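Read the structure below first, then the notes.
When a ligand or atom number is given, it counts from 1 through the structure's own listing order. For the single chain, residues carry numbers from 1 onward in sequence order. On a predicted model such as this, the values are computed, not experimentally measured, just so you know.
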Amino acid sequence: MKNKNFYITTPIYYVNGDPHLGHVYTTTAADVVARFKRLAGYNVHFLTGTDEHGQKVAQSAEKAGIDPQEFCDQVAQKFRDVLSPFQISNDDFIRTTEDRHKKTCMALWKKLEDAGDIYLDKYAGWYAVRDEAYYGEDELEDGPDADTKIATATGAECKWVEEESYFFRLSDYTDKLLKFYDDNPDFIGPKSSANEIKAFVAQGLTDLSISRTTFDWGVPVPGNDKHVMYVWIDALTNYISALGWENGESNLMDQFWPADVHVVGKEITRFHAIYWPAFLMSANLPLPKKVYANGWWVVEGEKMSKSLGNVITPETLLENYGSDGSRYALMAEMPFGNDGNFVHESAVNRINGDLANGLGNLAQRSLSMIAKNCESVVPHKGEFSSDDKTLLEKAYALPEVTETHVNAMQIHKYLEAVWSVVGDANAYIDAQAPWKLKKENPDRMQTVLYVLAEVIRCVSIMAQPILPTGADKILDQLALDKSSRTFAHLNENHALQSGMTLPVPQGVFPRLELNTEQAA
Ligand code: ME8
């Protein structure tokens, strides 16, 4: 029998700064996929959360002059507060300072130790606190002074670190990982990330320092609390601690592990596609099915940064575009996996074009004509013409067509497929001109309006993952029962019943005014 469980995760976000467009982006992408899979009949577990240990967070707390736990509590709450306004349907929210998580980290550490993969030595090398990452000489450029180097990939400042450290025998996993990538060609996406990771691993991996001694804001190493765990071994473990692995909480591992997809930003693919599978292999646990990296947004051509004052906050997004509008603009404005430039004018045009003029206008025009000319009931359907059939067949094919895109994390292609039917339906109204048929052929007018109502039902069902509020409102206007809105209802067996009374139609997606003032 087909496995109908689906586990999807976002990165857990560092609490050293406030949430912004980038975090909303990745979480929304995961939400769209989670909602899509639920409607496709899967039992979904969708996890997000916050990453609260490590030197970077400790330094931020110190700067704010508050105790690290209190600092984490405050910022983690801000990340939580962003979820509901953007209609994020996560099933769990994990914080790495929770007991359930710390217990799992310790249990995982012991497994790696039992496997003979951990040893104590001395670390001497370059470390970037901003990235919480170690870099090799070949990954660095000269910095502003002799004590500082710059990580070429991210621009982060690195300092020389020398301390006693536990190491993980990552070097033993070079060949195992390369074989795993070969056997599972879809494990890393997009292709550009896969190629980068494979090339990096193929050079041969060196052992990984997995503990620190120069600060104490972390999970203590079992048996040696002079050390805290390196924040990445701690952070990656969240994906199984949230499922209750070895921590005495209700165990969801059987149902949901291995994860179907870890959605991550491209700069953290290395941690997810190299370290994480190596840890899991060592602990003898199954590996996730996919790690998919989203690209990076810049804003009006500039990297978002506090100093430039161009950080787009969640509040700005909501004010400018609303919740559905933000979700749509973020997902439609750049192909998932690519980098992109977030431009206010372009987002407004996209929302007006696809939502107000596209789906909104289709629903408003059709439902108003039905209200006016068909006594507010679902019209009669006569014999379907070939144009009718073509449009309906394209609508009925959507679940299958779009699931392929969503499985490949091509979220923009899923949207394009749905909006291609919206475009066809708007063209169909113009071509059929039901307002003319009213006098010339009222029976045919009824059939045309029926076809339109049925296509609106289909595209609105398909649009629920991206526009949870707007799509629902349209489905309410078709008097569709809440339990009849899944992809299994997207066929002629569940087609609208002629004669059913419809409520008064109302506009769903207002047109946005383009303020000349900048969005950020
Ligand atoms: O890296 N464009 O946390 P983080 C697109 N705690 N996505 C962006 C973005 C942008 N401009 N800015 C941020 C960490 N993101 C670790 C993760 S997981 C076990 C630990 C998104 O707070 C993107 O998904 O730095 C990126 O990977 C993530 O936010 C970084 O969040």
Side chain to side chain donor-acceptor pair (under 3.5 Å), that's the test. Do Tyr328 and Asp354 meet it? Break it down for me. CA-CA 9 Å; Tyr328 190 82; Asp354 290 359; 2.6 Å; yes

Just to check, does Trp232 reach to within less than 4.0 Å of ligand 1 when the distance is taken from its heavy atoms? yes

For Arg95, run the salt bridge (charged side-chain N to carboxylate O under 4.0 Å, His left out) check against Asp234, Asp51, Asp73 and tell me which one passes. Asp73

Is His272 near ligand 1, meaning one of its heavy atoms is under 4.0 Å from it? yes

State if Lys266 counts as touching ligand 1 under the rule of any non-hydrogen atom under 4.0 Å. no

Identity and distance of the protein heavy atom lying nearest atom 31 (O) of ligand 1: Tyr13 CD2, 3.5 Å

Is it true that Lys103 and Glu249 have a side-chain N and a carboxylate O under 4.0 angstrom from each other? no

Are Arg212 and Tyr127 in a cation-pi setup, meaning NZ or CZ lies under 6.0 angstrom from the ring centre and within 45 degrees of the ring axis? yes

Going by heavy-atom distance to atom 11 (N) of ligand 1, choose the closest among Trp297, Tyr275, Phe79. Trp297

Could you find the nearest protein heavy atom to atom 7 (N) of ligand 1 and give me its residue, atom name and distance? Asn294 ND2, 3.5 Å

Counting from 1 in the order shown, the ligand 1 atoms closer than 4.0 Å to a non-hydrogen atom of Asp51 are 6 (N), 16 (C), 20 (C)

Is the closest heavy-atom distance from Phe271 to ligand 1 below 4.0 Å? no

List every atom of ligand 1 that sits less than 4.0 Å from any heavy atom of Ile268, numbering the atoms from 1 in the order shown and giving each element. 1 (O), 17 (C), 27 (O)

Distance-only donor-acceptor pairs under 3.5 Å for side chains of residues 301-309, two or more places apart:
from, atom 1, to, atom 2, distance (Å)
Ser305, OG, Ser307, OG, 3.2
Ser305, OG, Leu308, N, 3.1

Under 3.5 Å: N/O of Gly265 near N/O of ligand 1: yes

Side chains of Asp31 and Ser89: does their closest heavy-atom pair fall under 4.5 Å? yes

Lys290 to Tyr292 six-membered ring, cation-pi geometry met (6.0 Å, 45°): no

Enclosure of Glu62 CD (heavy-atom neighbours >12, cutoff 6.0 Å): no

Atom 26 (C) of ligand 1 - nearest protein heavy atom and its distance: Glu267 OE2, 3.1 Å

Could you check Asp339 against Lys266 for salt bridge (Lys or Arg N to Asp or Glu O under 4.0 Å), going step by step and ending with a plain yes or no? CA-CA 9 Å; Asp339 293 330; Lys266 68 174 182 180; 2.8 Å; yes

Test salt bridge (Lys or Arg N to Asp or Glu O under 4.0 Å) on Glu196 and Arg270 and set out the steps. CA-CA 9 Å; Glu196 211 180 294; Arg270 185 187 292 192; over 6 Å; no

Close side-chain approach of Lys111 and Phe279, heavy atoms under 4.5 Å: no

For atom 25 (O) of ligand 1, find the nearest protein heavy atom and state the residue, atom name and distance (0.1 Å precision). Tyr14 CD1, 3.5 Å

Give the numbers and elements of all ligand 1 atoms closer than 4.0 Å to a heavy atom of Tyr239. 18 (S), 19 (C)

My understanding is that only residues two or more places apart in sequence, or in another chain, count here; which of them pass side chain to side chain donor-acceptor pair (under 3.5 Å) with Lys159? Thr148

What protein heavy atom lies closest to atom 9 (C) of ligand 1? Include the residue and the distance to one decimal. Gly22 CA, 3.4 Å

Which residue and non-hydrogen atom of the protein lie closest to atom 10 (C) of ligand 1, and at what distance in Å? Trp296 CE3, 3.6 Å

Using a strict 4.0 Å cut-off to heavy atoms of Met304, name the atoms of ligand 1 that fall inside it. 11 (N)

Contacting atoms of ligand 1, where contact means under 4.0 angstrom from a heavy atom of Ala235: 19 (C)

Give the residue, atom name and distance (to 0.1 Å) of the protein heavy atom nearest atom 17 (C) of ligand 1. Ile12 O, 3.1 Å

Determine whether any heavy atom of Gly295 lies closer than 4.0 Å to an atom of ligand 1. yes

Counting from 1, what ligand 1 atoms have a heavy atom of His20 closer than 4.0 Å? 12 (N), 13 (C)

Are Glu333 and Arg350 close enough for a salt bridge, meaning some N to O gap below 4.0 Å? yes

Which residue and atom name correspond to the protein heavy atom nearest atom 24 (O) of ligand 1, and how close is it? Thr26 OG1, 2.7 Å

